[in-house]
Number of protein chains: 2
Amino acid sequence: MARPHAPRGQGRARVIDAALELFAEHGVSGTSLQMIADHLGVTKAAVYYQFHAKEDIVLAVVESAFDEMRGTIADAEAAASADDATGVALAGLVDLIIGHRQVMASVSRDPELGRILESHEAFNSLTSRLGELLLGPVPDTRRRVAASVIGGLAHAAADPLLADIDDAVLREQLLHLGTLLLSSGSPTRTKATS
Amino acid sequence: MARPHAPRGQGRARVIDAALELFAEHGVSGTSLQMIADHLGVTKAAVYYQFHAKEDIVLAVVESAFDEMRGTIADAEAAASADDATGVALAGLVDLIIGHRQVMASVSRDPELGRILESHEAFNSLTSRLGELLLGPVPDTRRRVAASVIGGLAHAAADPLLADIDDAVLREQLLHLGTLLLSSGSPTRTKATS
DNA sequence: GTCTATAAAGGGATAGAC
DNA sequence: GTCTATCCCTTTATAGAC
């Protein structure tokens, strides 16, 4: 292809870093190519030299996090029991959230980012596999709600109010809360829910 | 002051309903006035007749939910003990989330919406008071993280995957999970945190 | 109260100079 | 590899006809 490779590829990496930061702060829809260019001190055309479309930037921003997620999910799916699988998936997800705070927060919150990812089958497959791992073999209502709240962990990790908490401590807290959510016994006297 | 539906006439209410739906689906930045107008089958100018600027629509969309939140917070602050205050605040927040799923999800996720609200002192005061109620008098790290994850409850309530769960059941589940998050005892049995 | 028309600005994207 | 200049489209917002 005519696409130039990225030798010491600083160009592409710099665009990705700037985009990541701006996407997290303004959302994908709220971030223009002009903003990215300004943030780097270059022109829009310089950005277009590295990426031919905004969507390509979006995909590049999430790529490394999703590569890691692929590995985690494969590990979890190879676990001996369903409970082990859930545990591995949760721990992997928390690690992912800690290691890619801004990306994971954007993925879980940004509607436009979600729509772009949904249009790529590889991402759909990953998220549905992760969903199945967290839900377990017999997803009842309680578990389904809990799994959905797990998405809130990414939100918390990117919360500016928690920016002072260091990674190891936050990781431990999120893992604790995630485990709690997934293992909470009987809520109250719940009736059958259809 | 009933506005479940605005069959005809009430132009403002119809705009607010359409905007609410589109904001939840595309985010504020991803929703143009043209999309709102198209959704209503009218022209942009008809929308501008009702609201002079996009920001006015945003504020109108969140207004009723925040009115309710004001009442809840006042109730909670009048509670006898700090624990009671937290309980009342959490229950009120869950009710708010159930009664205004789309608004609360947008408030907790949308960066542009957050920026608009932050520029209005009345909203800042409300959210910081709610934060203090959820954190309690002595906010340690565990409690701070948990309070942040509470924001994930709104996310779950608007999750399309949970759309089949009826309000009463979802309310019960969210209240249970929220209580669990705020009361989780010893975070770590594994190792000391630094 | 709703329309057409339009202004003014900004956004995505491309061509081509250097 | 980065720039200038430009195209085309969309967006916000206003003026004024009906």
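Here is how names work: the chains are called A, B, and so on, in the same order as the sequence lines, proteins then strands, and each is numbered from 1.
- If you run side chain to side chain contact (heavy atoms under 4.5 Å, CB included) between B/L90 and each of B/D95, B/T72, B/I150, only B/I150 comes through.
- Remark: B/S29 pairs with A/S29, B/E112 by the side chain to side chain contact (heavy atoms under 4.5 Å, CB included) rule, at least two apart or across chains.
- Taking atom CZ of A/R12 as the reference point, atom C1' of D/dT2 lies 17 Å away to the nearest angstrom.
- In this structure, the side chain to side chain contact (heavy atoms under 4.5 Å, CB included) partners of B/D84, at least two apart in sequence or on a different chain, are B/A79, B/A80, B/S81.
- Atom NE2 in A/H26 sits about 15 Å away from atom C1' in C/dG11, given to the nearest Å.
- Rounded to whole Å, the distance from CG on A/L22 to C1' on C/dG11 is 15 Å.
- Contact check of residues 56-63 of chain A against DNA chain C (heavy atom, cut-off under 4.0 Å) returns no residues at all.
- Of the charged side-chain nitrogens involved, at least one lies within less than 4.0 Å of a carboxylate oxygen, so that A/R101 and A/D167 count as a salt-bridged pair.
- Side-chain N/O atoms of A/T43 include one lying less than 4.0 angstrom from OP1 or OP2 on D/dC3.
- A salt bridge links B/R70 to B/D67: at least one charged side-chain nitrogen sits closer than 4.0 Å to a carboxylate oxygen.
- Side-chain nitrogen and oxygen atoms of A/Y49 include at least one within less than 4.0 Å of the OP1 or OP2 phosphate oxygen of D/dG1.
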*side chain to side chain contact (heavy atoms under 4.5 Å, CB included) between A/F66 and A/V103, worked out*: CA-CA 10 Å; A/F66 270 79; A/V103 176; 5.6 Å; no
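- Remark: B/D140 engages B/R142, B/R143 in a side chain to side chain contact (heavy atoms under 4.5 Å, CB included) (not counting sequence neighbours).
- Side-chain N/O atoms of B/Q50 include one lying less than 4.0 angstrom from OP1 or OP2 on C/dT2.
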Between protein and nucleic acid, restricted to nucleotides 12-16 of chain C and to nitrogen or oxygen atoms under 3.5 Å apart, what atom pairs and distances do you find?
from, atom 1, to, atom 2, distance (Å)
C/dG12, OP1, A/K54, NZ, 3.1
C/dG12, OP2, A/L33, N, 2.6
C/dG12, N7, A/K44, NZ, 3.1
C/dG12, O6, A/K44, NZ, 3.4
C/dA13, OP2, A/Y48, OH, 3.1
C/dA13, OP2, A/K54, N, 3.0
C/dA13, O5', A/Y48, OH, 3.4
C/dA13, N6, A/K44, NZ, 3.4

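- Residue pairs satisfying the ring-ring contact (aromatic ring centres under 6.0 Å, His included) criterion with at least one member in residues 10-56 of chain B, sequence neighbours excluded, are absent.
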